[in-house]
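Only one structure is covered here, and it is reproduced in the block below.
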Protein chains: 2
Amino acid sequence: MFDDETFLKKVLLFKNLPHDQLKKILEISEKKVFRKGQTIFTEGDPADGIYVLREGKVKVFKLSLDGKEQVLHFIGEGGVFGEVAVFLGEPFPASAEAQSESTVLFIPRSSFFDLLKNDPTISMNMLALLSLRLKEFVHLIDTISLKDVSQRVSTYLLFIAEKKDNIVDLRIKKSELASFLGTIPETLSRVLTKMVKTGLIKMEGARIEITNPEELKRIAIGEKSLFL
Amino acid sequence: MFDDETFLKKVLLFKNLPHDQLKKILEISEKKVFRKGQTIFTEGDPADGIYVLREGKVKVFKLSLDGKEQVLHFIGEGGVFGEVAVFLGEPFPASAEAQSESTVLFIPRSSFFDLLKNDPTISMNMLALLSLRLKEFVHLIDTISLKDVSQRVSTYLLFIAEKKDNIVDLRIKKSELASFLGTIPETLSRVLTKMVKTGLIKMEGARIEITNPEELKRIAIGEKSLFL
DNA sequence: CGCATGATTGACAGCAGTCAAGATGTGTGG
DNA sequence: CCACACATCTTGACTGCTGTCAATCATGCG
């Protein structure tokens, strides 16, 4: 565990900031704790500030009227969320919920704008952050709109297993992965089961081992495969 | 028709800039013309700069391997595109094509960064621009993932007809609208025909009149309707 | 007029969602 | 440490929306 300043240094948004600037950020930020399952903000709430996740896990998501959920992104430690609405001066376009006991640093809107005005480094970091989000969203749109579920699952598994020796340790519930991939738990379950049966992967609970990465890659890019 | 500087003033990205700054931008920018249907850049191309649409229409889109297309956004005059990849220093994540004869101002990557460094106003404008894009993408993801095609079409028609006396003048091909809404021309056609038959809208080519906005709104938000 | 492009319609197929039941896993309190 | 309760995951049967393929119709332009 780090002290707060050491933590801030590791946050993309506050990279390359001098000591006194970091201290100032800590002064104006407010620490809040949320329990597992607790709502941090709901779509439509006025956006009063931005959030930096100090510890825990958070998901940002959209809900339809009939209760279906689409996860927009999972926030990990050091991640920032709620920033878009703050810039636009509009209500939050999505909701955020703690997936486990979570501590966040909350920076009020006006204080955050002061920071931006006085420090071009933060502006540049923010631009990089937003660009990264946009790229992720482009990828998500592409995934949901142009790929079938088998392709989505293959792509996801390969992405997570990258540089990890073909081992995927799902750190989220499968139902939430389903929601992120734009599908439902039943369908995800069926796809994974089929992959196990055809020898593409091995699965023990939340631990998945990719046993045939080449074929999985072929499925991911949409080539017809005899394995499904 | 405006002269170039008058044009730049109307571009969101260059709002509130002094005369000499605008002049500088014009100096470093390069004018390029594309014919209808011509490719401006393709997904995977190195991102060498950002584009400002001076005149014409441009679509930014993703293609899947088997040829399906998802439109990410339509760019109108004064619109900016290609900026995300420039910030990330990565290849373009999507492709851009002129939908009609188009003139663009191209600002090379390095020059653009010079501008950003020297003028905090541009940075702030850029932050607003990227935030707006993110919001649009959230909406698009929501649309594609959580709504059926009838809902998508209803929402779109109501959005476009807003403050326009319930008249929608599609300024794009229906096939491209279909691609933007995450579906195909056949399905869009069927949905529109059904709406005509149930008296929700009247349609003459690309001109659509909403004759029953209340019921259309009900469909848009997903309430069951007897009209479909 | 005739070709090209886009829009529409029809018949059909299939992927993925719904509903419901059962299996598995996890955590808590006795 | 066990047992029970609850959450999550899995499986099955079924439905239906939407995509595919193909033919026809409408429109516009040289």
Side-chain angles (χ1 to χ4, degrees), chain A residues 35-37 59 64-71 97 99-101 143-154 169-197 201-208 219 222 224-225 228, chain B residues 35-37 59 64-71 97 99-101 143-154 168 170-197 201-208 219 222 224-225 228:
Chain A
R35 265 164 306 167
K36 178 174 175 175
K59 70 171 172 186
S64 71
L65 281 186
D66 55 333
K68 271 183 298 182
E69 171 189 294
Q70 171 66 50
V71 170
E97 180 186 309
Q99 295 182 281
S100 61
E101 169 109 2
T143 298
I144 293 175
S145 173
L146 301 174
K147 298 173 196 266
D148 63 31
V149 177
S150 295
Q151 286 177 267
R152 298 178 211 171
V153 174
S154 308
D169 238 319
L170 299 178
R171 285 161 15 211
I172 52 176
K173 283 183 285 194
K174 281 179 184 171
S175 58
E176 279 173 336
L177 174 58
S179 165
F180 178 60
L181 295 177
T183 184
I184 54 172
E186 291 95 320
T187 300
L188 174 61
S189 182
R190 278 184 250 272
V191 167
L192 286 174
T193 302
K194 207 168 202 173
M195 286 179 173
V196 170
K197 280 182 184 160
I201 61 173
K202 285 180 186 169
M203 178 165 61
E204 295 159 20
R207 185 184 175 281
I208 293 173
I219 294 172
K224 287 171 181 50
S225 167
L228 284 187
Chain B
R35 265 164 306 168
K36 179 176 174 173
K59 70 172 173 187
S64 71
L65 281 186
D66 55 334
K68 271 183 298 183
E69 171 189 293
Q70 170 67 50
V71 171
E97 181 185 307
Q99 294 183 282
S100 61
E101 169 109 3
T143 298
I144 294 175
S145 172
L146 301 175
K147 297 171 195 268
D148 63 31
V149 177
S150 295
Q151 287 176 265
R152 296 178 213 172
V153 174
S154 308
V168 176
L170 300 177
R171 285 161 18 213
I172 51 175
K173 283 182 285 193
K174 283 178 182 169
S175 56
E176 279 174 335
L177 174 57
S179 165
F180 178 59
L181 295 177
T183 183
I184 55 170
E186 292 94 320
T187 300
L188 174 62
S189 183
R190 277 184 250 271
V191 168
L192 286 173
T193 301
K194 210 168 200 173
M195 286 178 173
V196 170
K197 280 181 184 160
I201 62 173
K202 284 180 184 169
M203 180 165 60
E204 294 159 20
R207 184 185 175 282
I208 293 173
I219 294 172
K224 285 170 182 52
S225 167
L228 283 187

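Worth saying up front: this structure is predicted, and the values here are computed from it rather than measured. Just so it is clear, the values below take in all heavy atoms, side chains as well, and ignore hydrogens, waters and symmetry mates. Letters go in sequence order (proteins before strands), and every chain restarts at 1.
- Scanning both residues, G205(A) and K174(A), for their nearest heavy atoms gives O-NZ, 3.1 Å.
- One atom, NZ of K36(A), and another, C1' of dT8(D), lie 11 Å apart when rounded to the nearest Å.
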Return the polar atom pairs (N/O with N/O) between nucleotides 23-28 of chain D and the protein under 3.5 Å, or none.
none

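- Put simply, CD on E97(B) and NZ on K36(B) are 10.5 Å apart, with the number rounded to the nearest 0.5 Å.
- Pairs passing the salt bridge (Lys or Arg N to Asp or Glu O under 4.0 Å) check and including a residue from residues 143-153 of chain B, sequence neighbours excluded, do not occur.
- Rounded to whole Å, atom P of dG19(D) lies 11 Å from atom CG of D148(B).
- Q70(A) contributes a side-chain N or O that, together with a main-chain N or O of F180(A), makes up a donor-acceptor pair within less than 3.5 Å.
- The distance between atom CD of E69(B) and atom P of dT20(D), rounded to the nearest whole Å, is 14 Å.
- Residue contacts shown for G182(B) are limited to sugar-phosphate atoms, with no base heavy atom under 4.0 Å away.
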Scan nucleotides 22-27 of chain C against the protein and return all N/O pairs shorter than 3.5 Å with their distances rounded to 0.1 Å.
none

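- Counting to the nearest Å, the P atom of dG19(D) and the NZ atom of K68(B) are 8 Å from each other.
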Would you tabulate the nitrogen or oxygen pairs shorter than 3.5 Å linking the protein to nucleotides 6-9 of chain C?
residue, atom, partner, partner atom, Å
dG6(C), OP1, K173(B), NZ, 2.6
dA7(C), OP1, K174(B), N, 2.8
dA7(C), OP2, S175(B), N, 3.2
dA7(C), OP2, S175(B), OG, 3.4
dT8(C), OP1, K174(B), NZ, 3.1
dT8(C), OP2, S189(B), OG, 3.3
dT8(C), O5', S189(B), OG, 3.1
dT9(C), OP2, T193(B), OG1, 2.7

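- Here the straight-line distance linking atom CD1 of I219(B) with atom CD of Q151(B) works out to 9.0 Å at 0.5 Å rounding.
- Heavy-atom contacts from other residues, nucleotides or ligands closer than 6.0 Å to CZ of R207(A) number more than 12.
- An angle of 40°, rounded to 10°, separates the two end axes of the helix from dC1(C)-dG30(D) to dG30(C)-dC1(D), each defined over five pairs.
- Here CG of L170(B) is found 11.5 Å from CD of E176(B). Values are rounded to the nearest 0.5 Å.
- Screening residues 179-189 of chain B for side chain to side chain donor-acceptor pair (under 3.5 Å) gives E69(B)-S179(B) as the qualifying pairs, with residues at least two apart or on separate chains.
- Here the side chains of K173(B) and P185(B) are not in contact, with every heavy-atom distance at 4.5 Å or above.
- With contacts defined as side-chain heavy-atom distances shorter than 4.5 Å, the pair L188(A)/V149(A) does not qualify.
- Spacing between atom CD1 of I184(B) and atom C1' of dG10(C) amounts to 13 Å, rounded to whole angstrom units.
- Between I172(B) and V71(B), every side-chain heavy-atom pair lies at or beyond the 4.5 Å cut-off.
- dG17(C) atom C1' lies 12 Å from atom CG of D66(A), rounded to whole Å.
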| task | Would you sort out whether K68(A) and S145(B) count as a side-chain contact (heavy atoms from CB on, under 4.5 Å), showing the intermediate values? | result | CA-CA 9 Å; K68(A) 271 183 298 182; S145(B) 172; over 6 Å; no
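- At least one side-chain heavy atom of E101(B) sits under 4.5 Å from a side-chain heavy atom of R35(B).
- Rounded to an integer number of Å, the gap from K194(B) NZ to dG16(D) P is 12 Å.
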